[in-house]
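Report on one structure; see the data block that follows.
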Amino acid sequence: MATPKIHLLVSSFLLCGTFLSLFHCTLSLLNPEDGVGILVQADDDVSMAQSNRDSRKRCDISVGKWVYDDSYPLYDSSCPYLSSAVTCQRNGRPDSDYEKWKWKPSGCTMPRFDALRFLGRMRRKRIMLVGDSIMRNQWESLVCLVQGVIPTGRKRVTYNGPGMAFHAMDFETSIEFFWAPLLVELKKGSENKRILHLDLIEENARYWRGVDILVFDSAHWWTHPDQTSSWDYYMEGNNLTRNMNPMVAYQKGLSTWARWVDQNLNPRRTEVIFRSMSPRHNRENGWKCYNQKQPLPFSSHLHVPEPLAVLQGVLKRMRFPVYLQDITTMTALRRDGHPSVYRRVISQDEKQKPGKGHSSDCSHWCLPGVPDIWNEMLSALL
């Protein structure tokens, strides 16, 4: 009569073995050496910036180090879609090592950008990058990363109001840029006063409807000093005010954006990513970028910058699952990657007096360069 018990014991053992095999299989998908994509693992809510309550956390690719890789860059400065202000090699920059650094995350592998694979995944989709001139910098990078695999007659750029779009016609894919550095609306009032409406956004947001993947940034214009500010007054409802703490205004503007996303977008139809602030390396904050030729080995600014803390707070209160692409700390190490004085062609006479009396751009980025790595991250996230 013991036979049924033995059969039961054997069956239980086999069931257990099957379960353990499946469990082992699942874990093997998360092998950091795979190189197929981004790991899923438990991690900190803030660093992942998931605004939903999803218990699955991606590997934090913002933590890692820059490593030299002679196989970079992935395109050169002859790409026809680059603005002259970021083509540092064509403008006479004598060094080029800034093009050859890639980002190596600590906890997982980030795949090298594959233009055909990216376009295949974006087939019949619209991807729109929304924000300021740093986002335009990133858009030019992304277009240059993909355009080399598309035949000349099968790609074009179109313009529509404050936006532009690169079309990969065989893939029915568009990579678009939309100019909205503050996200909310900046309008002219009486006596040509510039009024920033902290609670109005539809004038810009109507262009974002129907887009499959939206990538936002907004921080630089909010942090300009008073003398270079783009507005004279803030307005909320009927309340007009001249003075407001810039980070309070930023939080109000971002909250207007967040409400619009929550109320108007469907997460089953649209993916939303918010890229964090790209650091400046200028004299105002004690950094310089002229004649810098290597990344810093570590960051002396380990605290979370105030605009990033504000952004994290807004995203965590949202219902819509927005992913924060945190590039702030990793990019802070790259003071070597800015155009500096090479934002325009340097004459022979000016080369005799390098750095003397020339305005230096320590906000935007040379291309090829740092924004290519942001786009490698973006490709991995998508």
Side-chain angles (χ1 to χ4, degrees), residues 37-38 40 48-52 54 56 58 61-62 81 110-111 113-132 134-147 149-150 155 157-158 160-181 183 201 204-218 254 257-258 260-276 278 311 314-315 318-327 371-382:
I38 296 303
V40 178
M48 292 328 332
Q50 255 53 308
S51 60
N52 63 349
D54 191 349
R56 297 171 76 228
R58 297 177 188 266
I61 55 179
S62 67
Y81 302 99
M110 191 166 73
F113 190 92
D114 183 323
L116 282 174
R117 187 164 181 249
F118 179 82
L119 287 167
R121 284 185 283 126
M122 296 299 109
R123 187 180 293 278
R124 299 187 189 88
K125 290 187 177 181
R126 294 174 64 195
I127 175 170
M128 181 183 285
L129 281 60
V130 179
D132 55 24
I134 309 293
M135 189 60 96
R136 165 71 184 265
N137 218 176
Q138 185 176 351
W139 176 81
E140 291 182 12
S141 159
L142 185 54
V143 169
C144 287
L145 283 167
V146 302
Q147 68 90 27
V149 300
I150 305 169
K155 55 192 172 186
V157 173
T158 59
N160 178 25
M164 61 183 71
F166 172 85
H167 301 271
M169 290 145 75
D170 292 331
F171 293 88
E172 300 176 62
T173 296
S174 66
I175 300 172
E176 306 175 34
F177 169 71
F178 183 85
W179 173 258
L183 301 181
I201 200 170
N204 293 326
R206 60 196 171 98
Y207 291 93
W208 310 338
R209 298 177 188 273
V211 177
D212 299 283
I213 297 159
L214 283 162
V215 184
F216 292 92
D217 91 321
S218 184
L254 282 182
W257 166 85
W260 185 90
V261 170
D262 277 341
Q263 293 167 11
N264 291 277
L265 297 183
N266 180 349
R268 286 190 291 271
R269 171 73 178 83
T270 305
E271 275 190 81
V272 178
I273 294 168
F274 207 113
R275 178 179 54 68
S276 68
S278 163
L311 174 59
V314 170
L315 294 184
M318 293 177 68
R319 294 190 305 274
F320 193 100
V322 176
Y323 188 90
L324 173 62
Q325 183 186 359
D326 184 359
I327 56 91
D372 303 331
I373 306 303
W374 303 345
N375 285 322
E376 283 199 316
M377 294 174 74
L378 179 63
S379 177
L381 294 172
L382 294 174

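These numbers were taken from a predicted model, which means no experiment stands behind them.
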> What's the verdict on side-chain contact (heavy atoms from CB on, under 4.5 Å) for Phe177 and Asn137, showing C-alpha distance, side-chain angles and the deciding distance?
Replying inline: CA-CA 10 Å; Phe177 169 71; Asn137 218 176; over 6 Å; no
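- Under the ring-ring contact (aromatic ring centres under 6.0 Å, His included) criterion, Phe216 pairs with Trp208, Trp257, sequence neighbours left out.
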> Where do Trp374 and Val215 land on the side-chain contact (heavy atoms from CB on, under 4.5 Å) test, with the steps shown first?
Replying inline: CA-CA 12 Å; Trp374 303 345; Val215 184; over 6 Å; no
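- Here the CZ atom belonging to Arg117 is positioned 10.5 Å from the CE atom belonging to Met122, to the nearest 0.5 angstrom.
- Between the side chains of Arg121 and Ser379, at least one donor N or O sits under 3.5 Å from an acceptor N or O.
- Annotation: side chain of Val130 is not in contact with side chain of Met135 (no heavy-atom distance under 4.5 Å).
- Side-chain atoms of Asp217 come within 3.5 Å of backbone atoms of Asp132 as a donor-acceptor pair (strictly under, hydrogens ignored).
- In terms of the side-chain hydrogen bond (donor to acceptor under 3.5 Å, both in side chains) criterion, residue partners of Lys155 (sequence neighbours excluded) are, by chain and number, Gln147.
- For the pair Ser62 (side chain) and Ile327 (backbone), a donor-acceptor distance under 3.5 Å is absent.
- Looking only at side-chain heavy atoms (C-beta outward), Leu183 and Trp260 stay at 4.5 Å or farther from each other.
- Listed by chain and residue number, Asp212 satisfy the side-chain hydrogen bond (donor to acceptor under 3.5 Å, both in side chains) test with Arg269 (two or more places apart in sequence, or in another chain).
- Within the 4.5 Å cutoff, no side-chain heavy atoms of Leu378 are placed close to those of Ile213.
- What you find for Thr270 and Phe320 is that their closest heavy atoms are O-CZ, 3.4 Å.
- Scanning for side-chain hydrogen bond (donor to acceptor under 3.5 Å, both in side chains) contacts around Asp372 gives Tyr75, Ser141, with sequence neighbours left out.
- Among residues two or more places apart in sequence or in another chain, the side chain to side chain contact (heavy atoms under 4.5 Å, CB included) test is passed with Tyr207 by Asn160, Pro162, Phe178.
- The distance from atom CD of Glu271 to atom CG of Leu381, rounded to the nearest 0.5 Å, is 9.0 Å.
- Not one N or O on the side chain of Ser174 forms a donor-acceptor pair closer than 3.5 Å with the backbone of Ala165.
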>> Please determine whether side-chain contact (heavy atoms from CB on, under 4.5 Å) holds for the pair Phe118 and Asn375, giving the CA-CA distance in whole Å, both sets of side-chain angles, and the decisive distance to 0.1 Å.
In response: CA-CA 11 Å; Phe118 179 82; Asn375 285 322; over 6 Å; no
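- Annotation: salt bridge (charged side-chain N to carboxylate O under 4.0 Å, His left out) contacts involving residues 160-179, sequence neighbours excluded, comprise Arg124-Glu172, Arg126-Glu176, Arg154-Asp170.
- Every residue was checked against the side-chain hydrogen bond (donor to acceptor under 3.5 Å, both in side chains) condition with Trp139, not counting sequence neighbours, and none meets it.
- Cys144 approaches Tyr81 most closely through the heavy-atom pair SG-CB, 4.4 Å.
- Checked against salt bridge (Lys or Arg N to Asp or Glu O under 4.0 Å), Arg268 has no partners two or more places apart in sequence or in another chain.
- Contacts of Glu140 classified as salt bridge (Lys or Arg N to Asp or Glu O under 4.0 Å), with partners at least two apart in sequence or in another chain: Arg136.
- Note: Glu376 CD to Asp114 CG = 10.5 Å, rounded to the nearest 0.5 Å.
- Atom CG of Leu311 is separated from atom CG of Asp326 by 9.0 Å, given to the nearest 0.5 angstrom.
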>> Is there a side-chain contact (heavy atoms from CB on, under 4.5 Å) between Leu129 and Arg275? Walk through the geometry before answering.
In response: CA-CA 10 Å; Leu129 281 60; Arg275 178 179 54 68; over 6 Å; no
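- Side-chain atoms of Ile127 and Leu382, non-hydrogen and from C-beta on, do get closer than 4.5 Å to each other.
- Here the shortest heavy-atom pairing between Leu119 and Ala168 reads CD2-CB, 4.1 Å.
- The ring-ring contact (aromatic ring centres under 6.0 Å, His included) test applied to Phe171 returns no partner, not counting sequence neighbours.
- Rounding to the nearest 0.5 Å places NE2 of His167 at 10.5 Å from CD1 of Ile175.
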